[in-house]
Amino acid sequence: MKVYKSFDQIEQDLRILKLQQQIDEEQLKLSINDTKAAFSPVSLVAGSVGAIVQKTIVLKAVNKILGIKKVKVKNIDDDK
């Protein structure tokens, strides 16, 4: 526990605590806005599309490097 020797020390600590509270409130507001932006419909769709495109590009690159080609499967019942 802190022991104060004057009212000036108390007032200074109170000002510091008040400023710290304001900083914490602003950080909370920023965090809430960041969270809202991260989970907005546009952000979710863009993230999903980006992930699909990235996986498609990687898959095509790997297939090209390894020489894997798509094989068309023919159904035996189609000939009848």
Side-chain angles (χ1 to χ4, degrees):
M1 181 172 190
K2 187 171 183 179
V3 178
Y4 295 99
K5 298 187 185 215
S6 71
F7 284 107
D8 289 336
Q9 289 178 336
I10 295 171
E11 288 176 11
Q12 181 180 3
D13 276 359
L14 287 174
R15 282 193 300 262
I16 290 170
L17 289 172
K18 185 175 180 179
L19 289 172
Q20 185 61 49
Q21 180 184 7
Q22 290 173 349
I23 291 170
D24 291 342
E25 287 173 359
E26 290 301 320
Q27 287 177 333
L28 181 62
K29 288 177 188 176
L30 288 173
S31 295
I32 290 170
N33 287 336
D34 289 346
T35 303
K36 285 180 181 178
F39 290 106
S40 70
V42 173
S43 173
L44 291 174
V45 170
S48 298
V49 169
I52 292 170
V53 168
Q54 182 181 13
K55 288 179 182 179
T56 303
I57 291 170
V58 169
L59 184 61
K60 285 187 177 192
V62 168
N63 287 343
K64 191 168 190 169
I65 291 170
L66 297 177
I68 299 173
K69 296 180 181 178
K70 285 187 178 181
V71 176
K72 188 172 183 180
V73 178
K74 185 175 181 182
N75 195 346
I76 296 174
D77 293 335
D78 290 343
D79 291 339
K80 294 180 182 180

Asker: Find the distance between CD (E11) and OH (Y4) and round it off to the nearest 0.5 Å.
Answerer: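 With rounding to 0.5 Å, CD (E11) is 11.5 Å from OH (Y4).
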Asker: Report the residue from Q20, Q22, Q21 that forms a side chain to side chain donor-acceptor pair (under 3.5 Å) with D24.
Answerer: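 Answer after filtering Q20, Q22, Q21: Q20.
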Asker: Which pair of heavy atoms, one from D13 and one from K2, lies closest together, and at what distance?
Answerer: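 Taking every non-hydrogen atom into account, OD2-NZ, 3.0 Å.
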Asker: Under 4.5 Å between side-chain heavy atoms, hopping through other hydrophobics if needed: is there a path connecting V53 to V45?
Answerer: yes
Asker: Can you tell if the side chain of K18 reaches within under 4.5 Å of the side chain of R15, non-hydrogen atoms only?
Answerer: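 They are not in contact (no side-chain heavy atoms under 4.5 Å apart), so the answer is no.
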Asker: Distance from D34 atom CG to K29 atom NZ, nearest 0.5 Å?
Answerer: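 One finds 14.0 Å between CG of D34 and NZ of K29.
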Asker: Is there a chain of hydrophobic side chains (I, L, V, M, F, W, Y, each step under 4.5 Å between heavy atoms) that links L14 to F7?
Answerer: yes
Asker: Do I23 and Q27 make a side-chain contact, defined as non-hydrogen atoms from C-beta onward lying under 4.5 Å apart?
Answerer: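 The answer is yes, as the side chains (C-beta and beyond) meet within the 4.5 Å cut-off.
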Asker: Determine, step by step, whether V58 and V62 satisfy the side chain to side chain contact (heavy atoms under 4.5 Å, CB included) criterion, reporting the C-alpha distance in whole Å, the side-chain angles of both residues, the deciding distance to 0.1 Å, and the verdict.
Answerer: CA-CA 6 Å; V58 169; V62 168; 4.3 Å; yes
Asker: Tell me whether I57 is reachable from I65 by hopping between hydrophobic residues (I, L, V, M, F, W, Y) whose side-chain heavy atoms are closer than 4.5 Å.
Answerer: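 Per the 4.5 Å side-chain linkage, I65 and I57 are not co-clustered.
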Asker: Take I32 and K36 through the test side chain to side chain contact (heavy atoms under 4.5 Å, CB included) and record every step on the way to the result.
Answerer: CA-CA 6 Å; I32 290 170; K36 285 180 181 178; 3.8 Å; yes
Asker: So, the side chain of Q9 versus the backbone of K5: is there a donor-acceptor pair under 3.5 Å, distance only?
Answerer: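 Yes, the answer is positive, given that a donor and an acceptor are paired below the 3.5 Å cut-off.
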